[in-house]
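Heads up: the structure comes next, in structure tokens.
Ligands are counted one by one from 1 in listed order, and the atoms in each one are counted from 1 as well.
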Amino acid sequence: MAESVVPTFGRPWTALQPALSQAMLDAVSSLGFENMTPVQEATIPAFIQNRDVVVEAATGSGKTLSFLIPMLELLQRKRTRLSHTEVGAIVISPTRELARQIFTVLQELLKLTGLSYTAHLVVGGSSSATNTADEMSVLKELGPDILIGTPGRLEDVLCGRLRNGKRLKSGMITASGGVRGRPSASAAKLEVLVLDEADRLLDMGFEASLTAIFSTLPKQRRTGLFSATMSEALGQLVRTGLRNPVRVQVQVRDRTTDGSGGAERRIPASLAIRYLVCPPDRKLAQILRLIQTTGSLKYIVYFSTCAAVDYFYRLLRRMLCPVPAVVPGGKRAMREEKDRLREHFTYSASISVHSLHGQMVQSKRQATYESFSAIPPGEAAVLLCTDVASRGLDIPDVDCVIQWDPPTDPKSFAHRCGRTARAGRSGKALVFLSPGAEETYIDFLALRKIPMSPADYLWQDSDGAVTTEAPADAVSLVVEEEEDEDEDDLDETGDDEELDEEALKNKEDEQKKRRRKRRCRNQDQLSKYPADTRSDALLELVRGLAATDRDIYDRGKLAFVSFVQSYSKHEASFIFRLKELPIIEVAKGFALLHLPSMPELRGRPVSRFVPFAIDTDTIPLLDSKREAHRLEKLEKAKLAATEAKPDDSDSDSKGKKKKQKKKNNTDAWTDAKEAKDRARERKLKRIKRRDAVASVEEARLMQEIEDPKIREAMAKDPLLAKRMISRRDKSLRDMAEISAQKSQRSRQSEQRSLDDIIADAKSTKRYQQDSSSSSDEDSWEALARKEAIRKKLAAKSKQRKRFTFNPGFSDNEEEENNDST
Ligand SMILES: Nc1ncnc2c1ncn2[C@@H]1O[C@H](COP(=O)(O)OP(=O)(O)OP(=O)(O)O)[C@@H](O)[C@H]1O
């Protein structure tokens with residue numbers, strides 16, 4: 001159980017210089033806040049005294065009041081009055097939930113101070129254009145003194161992108177970039193601009209909206225940037241138009257037993273983060289065992305994809321809070337299922353399970369957020385979510401944050417953990433890492449001043465009690481060395497196209513050996529872990545559930561595929577390497593019945609995966625109407641397949657020979673094409689690696705310059721300062737050059753792929769026409785063009801399909817993409 005610790009607060013509010021208005025002092029005292037937090041004590045006076053501020057302080061340290069209080073104070077001191085359509089202050093947040101939360105705190109402050117400013121929440125996700133139009137007419141009627149919102153919708157309001165509640169099409173944008181619609185509010189006399197979670201907002205995803213918003217703001221204004229990971233965005237600050245800003249950085253130090261200050265950390269002192277290195281198929285059992293031992297706590301579990309949230313939400317709801325309606329076979333089946341589960345998880349009280357991600361409709365997102373926030377301490381509840389709930393949310397009484405997998409964006413790690421241990425309260429966080437390359441993540445975070453300690457692996461004895469002692473029957477896994485068939489990662493250095501055949505072969509052999517060794521090392525890592533038969537049995541139980549519920553079965557597959565795809569998108573790609581991911585154990589961890597066919601499984605030890613004995617077509621949907629529809633479709637598809645099958649008697653030996661001949665003809669061509677593709681892929685990898693090295697170098701230089709010791713040295717030694725700055729500038733120039741090269745390369749590769757398509761089409765035609773025929777070049781060209789158009793259309797329709805059937809990667813960009821009604 002998390003204990004409460006006394007937070008280290010600063011001086012009382014009355015000690016602030018310049019002093020706050022009496023109404024504000026009364027308001028904070030009514031909120032029950034006697035003293036300021038360190039970030040409030042440092043930021044409020046500077047902001048009130050008309051300074052721009054860049055504020056970095058740990059999660060849960062009270063940054064919201066650090067900008068809302070000075071914002072209201074500055075508005076009161078404004079000499080000229082705002083007209084009915086003019087905006088005095090704007091707060092921009094990356095997510096709707098965070099904007100709503102800031103809006104709630106602001107409304108509370110306005111109520112307690114008695115100030116009569118009108119504040120509006122300006123976020124996307126309205127259920128219809130009519131609702132959006134209504135919101136806009138309310139805004140115009142009441143006057144927009146303060147706007148709090150997300151970038152997309154704020155752009156709509158300030159740049160006039162809305163007409164009758166609908167976003168204008170890009171065709172209605174003028175050549176100069178302006179829009180033909182009328183802005184609903186004017187920000188020409190804006191007094192204060194705040195970017196909360198500024199580093200996230202300054203990421204590329206929000207660039208277009210922010211640039212459009214900034215273009216409507218006056219240069220003479222106060223700007224405040226706030227985040228727990230602000231230093232990550234220092235390179236982009238210049239875009240925000242800050243003038244000689246005050247930098248507030250609240251340092252946290254490790255607690256030491258003797259009371260002396262320990263090492264610096266970027267997370268709250270009351271937050272204990274642990275990591276557990278274990279095979280990926282043990283995570284589910286570990287989470288259930290943790291809940292079983294820790295008792296009635298409030299947990300948040302983070303996943304990197306929406307599909308994984310959906311899958312585990314359905315699974316855990318069925319396991320932890322079953323109702324007869326969702327268990328096929330009714331009450332009796334439910335009782336039996338519960339009894340089987342009790343062998344793996346014994347917990348007497350009920351546990352509520354919730355889910356939240358960016359692909360949910362806004363009303364459901366809001367309802368989940370409110371109901372999870374309302375759960376009182378002492379009641380067990382689990383919220384499964386993506387990074388959409390990682391930043392800024394102040395959910396009360398969260399005791400423990402679990403990360404099923406580390407976030408794709410390393411910055412999110414501290415934000416995810418920061419949902420617990422807020423405002424001086426203590427909290428715990430746990431992250432799962434796979435054995436091998438992922439263990440480097442521990443050092444990677446330590447460098448970013450996020451210390452972690454190892455967690456105990458939890459076992460279960462034969463009675464189901466949780467212990468940290470491995471049972472006597474736990475034996476080491478013996479993992480066979482797999483034969484490496486993977487051919488597509490051969491190159492590490494140099495340009496293979498320039499090597500002769502023999503040298504290339506030798507190089508390939510050597511690289512194969514190296515890769516096999518690396519993979520064996522990973523298998524060795526896995527084999528260190530003694531078998532956990534009870535965890536395996538739990539996964540079998542889950543597979544049993546999937547075999548009786550098509551919804552769970554389908555979502556499991558989707559979750560696995562989206563996990564694998566998101567894994568290759570990790571920003572820290574030097575740690576999270578797909579080639580080294582124990583992908584078979586990941587598939588087991590998702591309790592799949594069969595392995596899906598996907599290229600990532602090529603050359604992997606698939607024999608270690610035991611398929612579930614079932615014809616998957618027979619797995620029913622629990623909803624009888626949907627099931628009847630599915631069966632009907634299945635029947636039709638089977639019928640169509642039998643009709644399309646050619647009659648065996650038709651295929652005489654002559655035909656077979658012809659087919660074989662044709663195949664032989666195409667083989668050589670296909671091989672050559674594949675070799676070319678592989679060479680291209682290798683080249684791309686090299687380029688990517690070079691880019692990654694350059695960006696790491698840049699980050700390192702920026703960090704060096706930010707290091708207080710180096711800054712001190714630079715202040716003393718102008719020569720050193722000059723050298724450091726010129727090194728950084730050179731690195732920035734390199735980055736710019738690399739990005740120019742990148743765009744040139746992408747143009748070239750586009751051209752190349754069109755050439756390829758033409759070449760493909762020509763070859764296809766050649767084989768179709770029998771190699772001896774002398775067809776003229778012009779008709780090939782025409783055919784090639786047609787083929788190119790056909791392929792492009794096919795790719796587009798595939799993309800469209802992918803869009804409607806989105807497996808759900810991380811939904812960080814959700815405001816950017818979904819803000820329209
Ligand atoms: N002076 C204070 N005294 C006591 N509690 C405070 C004080 N100021 C803020 N709090 C409380 O601290 C909690 C965290 O505050 P807030 O949400 O502003 O943190 P934050 O720094 O913005 O966190 P994050 O980085 O996660 O967004 C809130 O519940 C808030 O009510």
Side-chain angles (χ1 to χ4, degrees), residues 4-16 20 24-25 27-44 53-71 91-95 97-109 112 148 194-201 224-233 248-252 266-271 298 300 302 369 373 377 387-398 401 411-427 429 450:
S4 262
V5 294
V6 183
T8 39
F9 287 113
R11 292 179 300 157
W13 293 91
T14 44
L16 262 184
L20 297 180
M24 192 60 78
L25 286 174
V28 283
S29 128
S30 320
L31 285 172
F33 302 158
E34 284 174 18
N35 297 323
M36 295 173 281
T37 62
V39 65
Q40 291 161 352
E41 194 173 342
T43 311
I44 296 174
V53 291
V54 178
V55 181
E56 178 173 11
T59 51
S61 56
K63 291 187 287 295
T64 313
L65 286 185
S66 306
F67 58 78
L68 287 184
I69 292 177
M71 187 177 91
V91 180
I92 313 182
S93 130
T95 63
E97 281 77 11
L98 180 55
R100 196 175 288 276
Q101 182 183 293
I102 298 168
F103 181 69
T104 313
V105 180
L106 175 67
Q107 276 186 319
E108 184 82 12
L109 274 185
L112 293 170
I148 296 185
V194 171
L195 267 62
D196 195 15
E197 305 299 341
D199 57 326
R200 173 78 191 98
L201 286 171
L225 310 186
F226 293 77
S227 181
T229 45
M230 198 58 236
S231 46
E232 322 266 348
V248 177
Q249 205 172 8
V250 179
Q251 289 193 347
V252 184
R266 289 266 166 87
I267 48 169
S270 53
L271 171 61
K298 221 167 158 176
I300 299 187
Y302 283 98
Y369 172 62
S373 298
D387 280 332
V388 76
S390 69
R391 281 179 179 257
L393 294 192
D394 189 39
I395 301 172
D397 309 310
V398 174
V401 168
K411 285 197 295 275
S412 297
F413 188 91
H415 291 277
R416 283 176 169 190
C417 297
R419 295 320 97 205
T420 182
R422 299 180 69 75
R425 212 173 161 269
S426 61
I450 302 178

Consider every N or O of [X] and every N or O of ligand 1, then say whether any pair is closer than 3.5 Å.
{"X": "Gln101", "result": "no"}
{"X": "Leu65", "result": "no"}
{"X": "Lys63", "result": "yes"}
{"X": "Asp394", "result": "yes"}

At less than 4.0 angstrom from any non-hydrogen atom of [X], what atoms of ligand 1 do you find?
{"X": "Glu197", "answer": "27 (O)"}
{"X": "Trp13", "answer": "1 (N)"}
{"X": "Ser61", "answer": "19 (O), 20 (P), 21 (O)"}
{"X": "Arg422", "answer": "14 (C), 16 (P), 17 (O), 19 (O), 20 (P), 23 (O), 24 (P), 26 (O)"}
{"X": "Thr64", "answer": "16 (P), 17 (O), 18 (O), 22 (O)"}

Fill in the blank from the handout: Taken to the nearest 0.5 Å, the spacing of Ile148 CD1 from Leu98 CG works out to 10.0 Å

Exercise for the section: Answer yes or no for Arg419: is there a heavy-atom contact with ligand 1 below 4.0 Å? Expected result: yes

Problem - Nearest-neighbour protein heavy atom for atom 9 (C) of ligand 1, which is reported as residue plus atom name and distance - result: Gln40 NE2, 3.7 Å

Problem - Salt-bridge present (Asp196, Lys63; N to O < 4.0 Å) - result: no

Practice task
Establish, from distance only, whether the side-chain atoms of Thr104 and Gln101 form a donor-acceptor pair under 3.5 Å.
Solution key: no

Practice task
Going by heavy-atom distance to atom 12 (O) of ligand 1, choose the closest among Gly418, Gly32, Ala423, Gly62.
Solution key: Ala423

Problem - Minimum non-hydrogen distance to atom 5 (N) of ligand 1, winning option of Phe67, Phe33, Phe226 - result: Phe33

